[in-house]
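Below is one structure; the comments refer to it alone.
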Amino acid sequence: MPRSPARGTPVFEQFTAPEQVGPVLREALAACWTDVSNAGGAAGFPYPPVDRSDTVPALERIIDALAPRSCRLLTVVQDGEPVGWLNLRRDLFELIAHWGTLHHVQTHPKVQGQGYGAALVQEARRVARDEMGLEQLRLAARAGVGLEDFYGRLGWREIGRWPGALRLADGDDRDEILMHLSAL
């Protein structure tokens with residue numbers, strides 16, 4: 001794994017094939033996902049606590065789908081350790097191949113608020129535009145945790161909501177916020 005040139009300077013890694021993601025990295029990403037979810041992060045699991053039996057199979061499905069044209073894994077590394085990651089996907093069907101979607105955007109709780117998440121999303125924007133030839137990005141975010149503000153500061157705009165789409169617990173339904181970024 002690459003080392004950061006200075007503490008706090010984000011270093012990015014990109015993976016486009018399953019064989020590029022070794023066992024040490026897989027374990028680090030699953031641990032990150034577990035820690036983010038258990039800290040209340042909106043990263044794909046509704047009912048904390050979660051453990052490796054939840055995160056490992058979900059992560060393996062993402063890794064198994066990696067392909068240069070349609071599915072990439074981006075990580076942000078601090079001092080040689082992955083501290084955040086996301087999945088960037090696109091459908092190759094010609095009517096919609098010009099846009100992609102961000103999934104599972106997350107930074108480890110120990111570095112949240114230090115700019116790694118914003119840097120990771122900006123790197124995804126660059127990869128989408130410069131390497132995948134995409135023209136726009138989309139994502140769905142959980143309401144009630146301030147994500148629309150986070151993405152809004154990065155140029156994303158809310159384009160709609162699915163009311164009550166996410167059931168986090170009995171009596172805790174949340175809207176799913178649909179976000180869009182154009183002019184990559």
Side-chain angles (χ1 to χ4, degrees), residues 1-33 36 41-44 55 58-108 111-112 114-141 147-148 150-159 177-184:
M1 273 185 212
R3 295 200 182 272
S4 296
R7 181 149 181 85
T9 302
V11 173
F12 303 102
E13 295 179 300
Q14 182 180 168
F15 304 90
T16 60
E19 61 273 9
Q20 295 174 336
V21 186
V24 171
L25 179 57
R26 288 171 192 244
E27 178 58 35
L29 297 177
C32 180
W33 203 352
V36 166
T55 58
L59 179 64
E60 290 300 323
R61 285 190 296 276
I62 292 168
I63 292 170
D64 287 346
L66 293 177
R69 292 185 61 220
S70 61
C71 185
R72 297 179 183 210
L73 175 69
L74 278 69
T75 65
V76 60
V77 176
Q78 175 196 55
D79 300 327
E81 177 187 350
V83 294
W85 63 276
L86 62 76
N87 181 224
L88 171 59
R89 292 187 236 164
R90 69 131 44 105
D91 189 316
L92 294 174
F93 183 62
E94 60 192 31
L95 286 175
I96 58 174
H98 63 287
W99 60 267
T101 308
L102 297 188
H103 298 271
H104 309 295
V105 179
Q106 57 192 280
T107 54
H108 195 278
V111 299
Q112 287 177 358
Q114 297 179 31
Y116 288 99
L120 182 60
V121 171
Q122 293 297 75
E123 176 67 3
R125 179 182 193 167
R126 186 200 65 75
V127 167
R129 179 190 63 231
D130 297 347
E131 297 180 24
M132 297 177 77
L134 297 175
E135 299 170 18
Q136 54 182 280
L137 289 172
R138 299 175 185 185
L139 63 82
L147 293 173
E148 60 270 43
F150 168 76
Y151 290 111
R153 289 190 299 273
L154 298 174
W156 294 72
R157 66 181 176 89
E158 182 177 331
I159 58 169
I177 304 166
L178 309 176
M179 306 284 299
H180 179 259
L181 180 65
S182 61
L184 300 182

To the nearest 0.5 Å, how far apart are CD in Glu60 and CG in Leu29? 10.0 Å
Where do His108 and Gln78 land on the side-chain contact (heavy atoms from CB on, under 4.5 Å) test, with the steps shown first? CA-CA 11 Å; His108 195 278; Gln78 175 196 55; over 6 Å; no
Between Ala30 and Thr55, which heavy-atom pair has the shortest distance, and what is it? O-OG1, 3.4 Å
Expected output: side-chain His180 to main-chain Arg157 donor-acceptor under 3.5 Å: no
So how far is it from Cys32 SG to Glu81 CD, rounded to the nearest 0.5 Å? 9.0 Å
Check the pair Arg138, Leu178 against side-chain contact (heavy atoms from CB on, under 4.5 Å), reporting the backbone distance first and the verdict last. CA-CA 7 Å; Arg138 299 175 185 185; Leu178 309 176; over 6 Å; no
Under 3.5 Å, is there a donor-acceptor pair between the side chain of Arg26 and the main chain of Val21? yes
With a 3.5 Å distance limit and no angle check, can you tell me whether Arg89 reaches the backbone of Thr101 through a side-chain donor-acceptor pair? no
Nearest-0.5 Å distance, CD of residue Gln136 to NE2 of residue His98: 4.5 Å
With a 6.0 Å cut-off (strictly less than), is the heavy-atom count around CZ of Arg126, excluding the residue itself, greater than 12? yes
Answer whether the closest heavy-atom distance between the side chains of Glu123 and Val127 falls below 4.5 Å. yes
So, do Arg72 and Glu131 sit near enough that their side-chain heavy atoms are less than 4.5 Å apart? yes
Do Leu66 and Gln20 touch side chain to side chain, with heavy atoms closer than 4.5 Å? no
In the structure I gave you, are the side-chain heavy atoms of Thr75 and Phe15 within less than 4.5 Å of one another anywhere? yes
Tell me, do Leu137 and Trp156 make a side-chain contact under 4.5 Å, heavy atoms counted? yes
Side-chain contact test, heavy atoms from C-beta onward, threshold under 4.5 Å: evaluate it for Trp85 versus Gln106 and give yes or no. yes
Between Leu120 and Pro10, is there a side-chain heavy-atom distance shorter than 4.5 Å? no
Please name the pair of heavy atoms, one in Val77 and one in Glu13, separated by the smallest distance, quoted to 0.1 Å. CG2-OE1, 3.3 Å
For a quick test of reading the model, state the closest non-hydrogen atom pair linking Tyr151 to Ala141 and the distance between them. CE1-CB, 4.4 Å
Run Val121 and Leu181 through side-chain contact (heavy atoms from CB on, under 4.5 Å) and show every step you take. CA-CA 11 Å; Val121 171; Leu181 180 65; over 6 Å; no
Between Gln122 and Leu154, what is the shortest heavy-atom contact and its length? OE1-O, 4.1 Å
Calculate, to the nearest 0.5 Å, the distance between atoms SG and CG belonging to Cys71 and Leu88 respectively. 8.0 Å
Side chains of Ile62 and Trp33 in contact at under 4.5 Å (non-hydrogen atoms): yes
If we check side-chain contact (heavy atoms from CB on, under 4.5 Å) with Leu86, which of these qualifies: Leu102, Thr107, Leu139? Leu102
What heavy-atom pair brings Ala97 and Leu134 nearest, and what distance separates the two atoms? O-CD2, 3.4 Å
Atom of Pro82, atom of Ala28 and distance for their closest heavy-atom approach: CG-CB, 3.9 Å
More than 12 heavy atoms of other residues, nucleotides or ligands under 6.0 Å from CD of Glu94: yes or no? no
